[in-house]
Amino acid sequence: MTTDTTPKDTAPAAPTPGQTVLDARGVTMRFGGLTAVRNVDLTVNSGEIVGLIGPNGAGKTTFFNCLTGLYIPTEGEVRYKGKVLPAKSFKVTAAGIARTFQNIRLFANMTVLENVLVGRHTRTKEGLWSALLRGPGFHKAEATSRDRAMELLKFIGLEKKAEHLARNLPYGEQRKLEIARALASEPGLLLLDEPTAGMNPQETRATEELVFAIRDMGIAVLVIEHDMRFIFNLCDRVAVLVQGEKLVEGSSEVVQGDERVIAAYLGEPFEDAPGAKEVAEVEAAEANAATQTDAAPRKENDR
Ligand SMILES: Nc1ncnc2c1ncn2[C@@H]1O[C@H](COP(=O)(O)OP(=O)(O)OP(=O)(O)O)[C@@H](O)[C@H]1O
């Protein structure tokens, strides 16, 4: 992925810096007796990358679903660029919010290019009759869509695999393709649900760069992630959900140092890669075991 291949034609007009793109107020989602999200306010401004973190079951994905028309919040209101969001997910996408899911949802037996083309359907003006009759309007629209889809594939570094079947891509590339498909709808706000889940450290770093490049295209980003290194490197602002409620919101520094967040989620101040301490302990134990194994034959020989 390189930033100089940004598909400028497809990028939405950059909103005024600081303009509120997403404004969620008092969002509550109840499932029977369970309140999964309780009275959550959250804004995302243009030019921002905002993180949403919290323990498993805190309500992060439910909140995302309330922002994308999959769920209608029991209470509260969600506005995108000042307008109340429609209650259907395809209308939310058409309005300008795109998302990826925690579990990859590609069309496995379609090509990489076809997957991105599917993501463009909300931006295609040609109707059913035009498509069936395959008139000149249809062919022109199809060519434009292909060009734009190829630009996006270039942007994420998958243009050489355009004709590969999605299911044959390695895991990290499937995740990138999901992002390209979301970008194909030309969003002003991109919601990413655990984009680095299952990735190795190199893939995670590449995803970090990709998200920065997407922000630089003029698209605001809201991201759920359990990888705290990724979140704290990336985000201008982080909101913490615990048991459905927003516990804290602030800069990475503020959130990392907040005792309530440490107690409820982080466990201890974040200083290095998560798990670094555990890795160091395992390595020390292995080194110790190796020393003892080396020592063992000498004992044998001593006898
Ligand atoms: N459709 C549903 N019906 C009933 N309960 C639900 C539904 N969706 C989510 N929940 C419940 O709402 C709560 C919040 O779940 P949610 O998936 O939003 O949490 P999360 O913070 O995204 O967790 P994770 O980090 O594990 O993905 C959980 O108790 C979950 O079981």
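Indexing begins at 1, ligand by ligand and atom by atom, following the structure's order. FYI, the numbering just counts along the sequence from 1. The figures that follow rest on heavy atoms only: side chains count, while hydrogens, waters and symmetry mates do not.
- At a threshold of 4.0 Å, the pair Glu173-Lys176 does not count as salt-bridged, since none of the basic side-chain nitrogens sits closer than that to a carboxylate oxygen.
- For the pair Arg105 and Phe101, the cation sits on the ring face: its NZ or CZ lies under 6.0 Å from the ring centre, inside 45° of the axis.
- Atom CD of Gln256 is separated from atom CG of Asp258 by 11.0 Å, given to the nearest 0.5 angstrom.
- Taking the ring centroids of Tyr71 and Phe31, they lie under the 6.0 Å cut-off.
- A side-chain donor-acceptor contact under 3.5 Å links Asn65 and Arg99.
- Side-chain atoms of Thr196 and Glu203 form no donor-acceptor pair, as typed in the model, at a separation below 3.5 Å.
- Closer than 4.0 angstrom to ligand 1 sit non-hydrogen atoms from Phe31, Leu34, Ala36, Pro55, Asn56, Gly57, Ala58, Gly59, Lys60, Thr61, Thr62, Tyr71, Gln102, Glu194, His226.
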